[in-house]
Structure formats: C-alpha cells, structure tokens
Amino acid sequence: MTKCGYVSVVGRPNAGKSSLLNWLVGEKLAMVSHKANATRKRSNIIVMHEENQIIFVDTPGLHETEKLLNQFMLDEALKAMGDCDLILFLAPVTDKLTHYESFLEKNKKSVKHLLLLTKIDNVSNDEVLEKMNEYEKYSNKYEAIIPVSIKKATTHADILDEVTKHLPQHPYLFDPEIMTTETLRDIFKEFIRESIFENISDEIPYETDVLIEKVQEKDHIDVVKATIIVQKSTQKGMIIGKGATAIKRIGKDARHKIEKLTGKKCYLELFVSIRKGWTKNKKGLKELGYDVTL
Ligand SMILES: Nc1nc2c(ncn2[C@@H]2O[C@H](COP(=O)(O)OP(=O)(O)OP(=O)(O)O)[C@@H](O)[C@H]2O)c(=O)[nH]1
Ligand SMILES: [Mg+2]
C-alpha cells in the first residue's frame with residue numbers, strides 16, 4: 001500500500017516556503033521574492049518519493065495585519081494548517097523562537113509538524129547547532145527538526161523520508177505524473193507577479209495583481225495576454241515607466257520564466273489597467289479572487 005497525504009508548508013513571510021517547494025519538486029512553479037508577502041494563495045505542489053505521493057501546500061506567510069488582502073492571506077495559511085496530515089513549519093535559522101511560539105498557538109488542532117530550520121547557508125555550523133539546542137525545549141511538540149538550505153548542497157531525501165513517515169497509507173490522490181494542480185494560467189500569473197516584485201520598488205507590487213486574459217497554446221509558441229491591475233494612476237505610470245522601460249523589463253523577465261517552464265517560445269502581451277482602490281474593499285478583492293469572509 002502506498003502512502004499519500006497533504007503537507008502544509010507554513011512559516012512567517014519570507015521564510016523560504018515557496019523556494020523550498022520549487023527545490024523539492026525540481027521545477028520553478030511557485031513565485032519567490034526577496035520581498036515578504038509574495039505568495040497570496042494556497043497552491044499544491046506534488047512530489048513523488050519512492051512509491052509515495054506527497055501533496056505539499058504552499059501558503060502565504062503567517063503574520064498579523066489590519067489590511068484586508070493580508071487577512072485573506074492569513075486565512076489561507078490557517079485553513080491549510082487545519083486541513084492536512086502534516087505541517088512543515090519553516091523557521092529561518094536566524095529567527096528568534098517567537099515566530100514558532102506563535103505558530104504553536106495558531107495550530108489549534110495540534111496537527112503533527114516538522115520544524116525546518118531554513119537558510120542555514122547564512123550561518124556557521126555552530127550557530128545551527130546552537131539554534132537547534134534553543135528549540136530543544138519544545139522537542140515534545142515537533143516530530144523532528146531538520147536544518148536545510150536550498151543554496152548549499154543538502155539532499156531532499158532527509159526531508160522527504162521524514163515527511164513520508166507521517167503520512168497515512170492511501171492510494172494516490174493525483175496522477176503521479178503531475179507536479180501541481182495549478183493551471184498554466186495560474187503559474188503564468190505568478191511569474192508575472194514575481195517579475196513585478198523584482199522590478200518595481202516600494203509598496204506598488206503589494207497593490208498590484210495580474211489577470212491572464214488569454215493563453216493560446218500552439219505547437220511552437222504560446223501566446224499570452226495579461227493585464228496588470230493597479231489601484232491608482234500614479235502606479236500605472238510607475239509600472240509602465242519612462243519610455244515603457246519598466247513594463248518591457250517585466251515582460252522580458254516573465255517571458256523567460258514562462259519559456260523555461262514550457263520549453264517553447266512565448267509571445268507575451270501586457271496591458272495595465274486601474275481598478276481604483278481594489279485592495280481596500282471586499283468587492284474589489286473578491287473580483288480578483290480574494291474572497292475576504294472575515
Ligand atoms: N540564503 C538563502 N536564501 C534563501 C533560501 N531559501 C530561500 N531563500 C531566499 O529567501 C527569500 C524568500 O523566499 P520565498 O521562497 O519567497 O519565501 P516565502 O516563505 O515563500 O515568502 P512569502 O511567500 O512572502 O511568505 C528569497 O529571496 C529566496 O531566494 C536558502 O536556503 N538560503
Ligand atoms: Mg511564498
């Protein structure tokens with residue numbers, strides 16, 4: 001009998017959740033950014049390990065906020081925590097334990113979890129050991145503590161072996177050939193959002209979203225039409241940039257990511273549209289797929 005189950009990956013914004021999942025699946029599927037609060041919704045990334053199927057759920061970061069969009073994001077993470085077989089809690093190795101303590105409080109159903117110390121390439125081995133000792137006082141709470149770095153040669157096997165131990169015996173829930181339940185549209189959207197996060201500074205990326213208008217898949221080329229949504233006209237100007245330099249850069253970066261994934265050429269056409277104050281009201285958010293029920 002195979003093992004199969006859902007594993008929610010949680011932690012504070014910027015902890016390295018999406019990066020870890022791209023690394024584990026061996027393909028860039030999820031958006032990553034040096035800016036915090038990049039991921040806005042749950043998404044499934046599926047990894048086969050030996051005869052077993054692990055359905056990882058990428059989530060937005062755990063954080064406190066008054067903003068409506070961020071409340072939606074937090075709710076996504078909490079829902080993922082309450083509805084899985086195992087949680088991976090990611091804590092950058094330099095973090096204080098307060099983030100972990102607040103996670104323990106939020107884990108109302110006491111779902112079993114592994115504690116992953118991330119970004120260990122940033123510190124010495126001694127510092128990693130020191131941090132592991134600090135967490136020792138909570139050793140009755142976690143199933144295992146595993147130090148990881150996606151930048152330094154560490155293997156997937158430690159994490160996947162440990163994860164598999166805690167999954168139920170169950171037939172596969174998805175075709176073992178697929179790596180995600182996200183559609184190409186969803187992934188392209190995230191690639192364009194990532195390019196906005198990379199190329200546009202300040203708060204603007206946080207008040208921006210992307211609508212995929214059309215994806216036409218041909219034999220040798222994909223034609224993609226997308227609209228970048230902003231909430232005021234000054235932001236539209238910033239996204240376009242002087243002589244359209246900014247939007248060209250965003251388009252070029254996103255096109256490269258799409259082409260790398262599909263192995264085909266991509267013709268990407270980008271437009272910019274203003275939806276006044278869309279992040280500030282529930283209706284505007286809902287129209288873009290962020291249904292704030294709180
Ligand atoms: N040095 C180092 N940096 C890492 C590692 N893993 C991730 N990062 C960096 O950490 C930053 C945040 O990574 P993400 O994967 O977007 O983090 P996240 O937890 O998904 O963040 P949110 O979606 O905002 O909650 C990026 O700049 C990554 O390149 C690592 O092992 N070592
Ligand atoms: Mg993320």
Side-chain angles (χ1 to χ4, degrees), residues 2-33 37-62 73-92 100 103 106-107 109 111-119 142-151 154-184 186-187 189-191 194 261:
T2 57
K3 287 185 157 192
C4 175
Y6 282 87
V7 180
S8 295
V9 179
V10 305
R12 71 153 167 86
N14 211 249
K17 302 176 291 296
S18 306
S19 306
L20 180 90
L21 292 183
N22 286 337
W23 180 68
L24 287 174
V25 75
E27 187 78 69
K28 180 174 171 57
L29 297 175
M31 163 179 181
V32 164
S33 176
N37 282 322
T39 305
R40 287 181 179 163
K41 282 186 156 187
R42 281 174 282 180
S43 69
N44 295 335
I45 291 189
I46 304 171
V47 175
M48 296 301 297
H49 182 52
E50 294 159 354
E51 294 302 302
N52 310 299
Q53 184 172 60
I54 310 168
I55 305 141
F56 287 107
V57 183
D58 191 13
T59 66
L62 295 173
M73 289 159 59
L74 176 62
D75 200 40
E76 283 281 288
L78 296 177
K79 279 181 184 151
M81 275 171 56
D83 190 19
C84 63
D85 300 291
L86 179 73
I87 294 173
L88 295 191
F89 180 82
L90 269 59
Y100 180 61
F103 156 74
K106 288 190 171 83
N107 187 12
K109 293 187 183 165
V111 179
K112 280 197 289 188
H113 65 275
L114 309 182
L115 175 54
L116 265 59
L117 290 185
T118 60
K119 309 191 189 184
Y142 53 78
E143 303 297 318
I145 180 164
I146 309 174
V148 289
S149 163
I150 61 155
K151 310 247 165 167
T154 49
T155 73
H156 301 172
D158 293 354
I159 301 172
L160 298 179
D161 286 347
E162 187 60 40
V163 165
T164 310
K165 266 196 220 166
H166 304 283
L167 295 186
Q169 290 202 325
H170 199 281
Y172 299 157
L173 289 164
F174 296 98
D175 177 347
E177 296 295 315
I178 67 165
M179 290 189 288
T180 178
T181 54
E182 297 293 285
T183 62
L184 270 188
D186 298 329
I187 298 172
K189 168 181 171 145
E190 291 300 275
F191 285 176
E194 182 181 279
L261 179 73

Would you please test D161 and T164 for side chain to side chain donor-acceptor pair (under 3.5 Å) and show each step? CA-CA 5 Å; D161 286 347; T164 310; 5.6 Å; no
Please name all residues satisfying ring-ring contact (aromatic ring centres under 6.0 Å, His included) with F89, sequence neighbours left out, ordered by chain then number.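 In terms of ring-ring contact (aromatic ring centres under 6.0 Å, His included), with neighbours along the sequence ignored, F89 is linked to Y100, F103.
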Residues that H170 engages under ring-ring contact (aromatic ring centres under 6.0 Å, His included), provided they are two or more places apart: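 With neighbours one apart ignored, the set is empty.
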Any chance you could lay out the side-chain contact (heavy atoms from CB on, under 4.5 Å) test for I55 and L173, step after step, and finish with the verdict? CA-CA 9 Å; I55 305 141; L173 289 164; 3.7 Å; yes
Please name the pair of heavy atoms, one in [X] and one in [Y], separated by the smallest distance, quoted to 0.1 Å.
X    : Y    : value
E162 : L114 : CG-CD1, 3.7 Å
I178 : I46  : O-CB, 3.7 Å
A91  : L115 : CB-CD1, 4.3 Å

Should D75 and K79 be marked as a salt bridge (Lys or Arg N to Asp or Glu O under 4.0 Å) after you check the CA-CA gap, both sets of side-chain angles, and the distance that decides it? CA-CA 6 Å; D75 200 40; K79 279 181 184 151; 3.3 Å; yes
If the threshold is 4.0 Å, N to carboxylate O, is there a salt bridge linking E194 and K28?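 Yes.
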Between the side chains of E143 and K112, is the shortest nitrogen-to-carboxylate-oxygen separation below 4.0 Å, so that they form an ion pair?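 The answer is no: the pair does not qualify as a salt bridge.
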Using side-chain heavy atoms (C-beta onward) and a distance below 4.5 Å, is V7 in contact with D85?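 No, their side chains stay 4.5 Å or more apart.
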Would you say that V9 contacts K17 through its side chain, given a criterion of any heavy-atom pair below 4.5 Å between the two side chains?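 They are in side-chain contact.
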Just by distance, with hydrogens left out, do [X] and [Y] show a side-chain donor and acceptor under 3.5 Å apart?
X   : Y   : answer
H49 : Q53 : no
S19 : N22 : no
D58 : S18 : yes

Closer than 3.5 angstrom, by distance alone: can the side chain of [X] be matched with the main-chain N or O of [Y] as a donor-acceptor pair?
X    : Y   : result
K3   : I54 : no
N14  : A38 : no
E76  : R42 : yes
S8   : A80 : yes
K106 : L78 : no

List for me each residue that meets side-chain contact (heavy atoms from CB on, under 4.5 Å) alongside P176, sequence neighbours excluded, and say none if there are none.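 Counting only residues at least two positions away or on another chain, P176 forms a side-chain contact (heavy atoms from CB on, under 4.5 Å) with M48, Y172.
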